[in-house]
Amino acid sequence: MHNPIRLYMSMSLDGYIAGPDDRPGQELGRNGGRLFNWLDDRKSDGPSGQIYREALATGAVISGRRTFELAGRWQGDHHDGVPIFVLTHHVDDGDVPPGHARFVTDVEDCARQARAAAGDRPVMVHGAGAAQALLRAGQMDEMEIHLVQVLLGDGRRLFDHLGGEHIELDLVRRLEDRDVTHLRYQVRRPGEAG
């Protein structure tokens, strides 16, 4: 397979990636930080450390606009100076993103640019909006879901707006660690057998 476009996302068992009222100053929503406790083990030799190192070995980032803004535009550098492609519906005149970031309005074009920029490395995807747009366009290859054993009850869901499409997934890796199960799924293309 060409270099995969891979979503990395922490998610509660009931499908939330942020608590309610996510906004500047409360970027993860109320109680949303609970989804990221596993990052306390990111420097370990265990599964969470492995996943974190894999994420930082990606060669480009595709982000949704909302995620990009809530993250303070990462001051133009998500990690190691890799290009950041921000999928957005609209770009205001004179709005130039900082550093290694650029705005892209077309999903297929965004995927193409990110794959080219990443070379032979995977492309990391951030944000529910970007993930859903890439899935709808058939451009998502893999999803690394960090499933946290909590029910947030409310907030921002990962898969709210897929448009009724039936999408088959194959579980290709499962890693258990303290407080999290890391699940990697491959997205099956229409017509691919299981």
Side-chain angles (χ1 to χ4, degrees), residues 3-12 16-40 42-43 51-119 121-137 139-146 148 152 155-161:
N3 53 334
I5 292 180
R6 181 184 301 143
L7 173 68
Y8 286 86
M9 189 67 77
S10 293
M11 186 177 82
S12 66
Y16 293 101
I17 58 168
D21 195 26
D22 56 333
R23 58 182 161 75
Q26 187 172 269
E27 289 79 9
L28 302 174
R30 286 194 312 281
N31 300 317
R34 170 67 180 84
L35 299 177
F36 297 91
N37 289 357
W38 70 270
L39 284 173
D40 291 347
R42 68 184 174 273
K43 298 209 184 299
I51 297 295
Y52 187 73
R53 287 186 296 278
E54 287 174 7
L56 293 186
T58 53
V61 173
I62 295 175
S63 173
R65 178 68 177 260
R66 192 166 192 283
T67 298
F68 181 64
E69 299 299 349
L70 281 173
R73 296 183 166 200
W74 293 299
Q75 289 76 50
D77 185 7
H78 185 277
H79 68 277
D80 297 335
V82 302
I84 304 166
F85 299 90
V86 182
L87 199 49
T88 184
H89 296 291
H90 176 75
V91 180
D92 292 323
D93 287 343
D95 185 2
V96 179
H100 304 281
R102 65 189 79 150
F103 292 130
V104 186
T105 55
D106 180 79
V107 181
E108 278 88 1
D109 185 41
C110 185
R112 198 169 28 258
Q113 286 187 51
R115 278 191 218 278
R121 298 190 293 171
V123 174
M124 174 192 285
V125 177
H126 267 318
Q132 292 170 36
L134 289 159
L135 278 165
R136 284 192 306 267
Q139 294 296 324
M140 183 79 75
D141 300 302
E142 297 176 349
M143 295 187 291
E144 186 81 42
I145 304 294
H146 320 298
V148 180
L152 280 187
R156 184 163 300 280
R157 287 189 186 272
L158 179 52
F159 298 118
D160 251 358
H161 306 287

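Computed over heavy atoms, backbone and side chain alike; hydrogens, waters and symmetry mates excluded.
In this structure, the ring pair (Phe, Tyr, Trp, His ring centres under 6.0 Å) partners of H126, at least two apart in sequence or on a different chain, are W74, H78. Listed by chain and residue number, D21 satisfy the side chain to side chain donor-acceptor pair (under 3.5 Å) test with Q26 (two or more places apart in sequence, or in another chain). By the side chain to side chain contact (heavy atoms under 4.5 Å, CB included) test, R136 pairs with Q132, A133, H161, sequence neighbours left out.
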Just distance, no hydrogens or angles: give the donor-acceptor pairs under 3.5 Å from side chains in residues 52-59, sequence neighbours left out.
unit_1	atom_1	unit_2	atom_2	d
R53	NH1	S44	O	3.0
R53	NH1	G49	O	3.2
E54	OE1	R173	NH1	3.3
E54	OE1	R173	NH2	2.8
E54	OE1	R184	NH2	2.9
E54	OE2	Q50	NE2	3.1
E54	OE2	R173	NH1	2.9
T58	OG1	A55	O	2.6
T58	OG1	H79	NE2	3.1

With a 3.5 Å cut-off and sequence neighbours excluded, list the donor-acceptor pairs that the side chains of residues 63-70 form with protein atoms.
unit_1	atom_1	unit_2	atom_2	d
R65	NE	E69	OE2	2.8
R65	NH1	T88	OG1	3.1
R65	NH1	H90	O	3.2
R65	NH2	D95	OD2	2.9
R66	NH1	D22	OD2	2.7
R66	NH2	D22	O	3.3
R66	NH2	D22	OD1	3.4
E69	OE1	R73	NE	3.0
E69	OE2	R73	NE	3.2
E69	OE2	R73	NH2	2.9

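Taking both residues in full, the closest heavy atoms of P122 and A118 are given as O-CB, 4.0 Å, listed atom of the first, atom of the second, then distance. M140 approaches I5 most closely through the heavy-atom pair SD-O, 3.8 Å. The shortest non-hydrogen separation linking A117 to A60 is CB-CB, 4.5 Å. Between C110 and I62, the shortest heavy-atom distance links the atoms SG-CG2, 3.9 Å. Considering every non-hydrogen atom in both S12 and L35, the closest pair reads N-CD2, 3.5 Å. The two atoms that bring G127 and M9 nearest to each other are N-CE, 3.5 Å, heavy atoms only.
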CA sep, side-chain torsions, deciding dist, call: L7, L135, side chain to side chain contact (heavy atoms under 4.5 Å, CB included): CA-CA 10 Å; L7 173 68; L135 278 165; over 6 Å; no

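The pair R115-D141 meets the salt-bridge criterion, since a charged nitrogen lies less than 4.0 angstrom from a carboxylate oxygen.
Side-chain contact check for H146 versus Y8: some heavy-atom pair is nearer than 4.5 Å.
A side-chain hydrogen bond (donor to acceptor under 3.5 Å, both in side chains) check over residues 99-109, counting only residues at least two apart or in different chains, returns the pairs D109-Q113.
Taking CZ of R6 as the start and CG of L134 as the end, the distance is 14.0 Å to the nearest 0.5 Å.
Not one N or O on the side chain of N3 forms a donor-acceptor pair closer than 3.5 Å with the backbone of V123.
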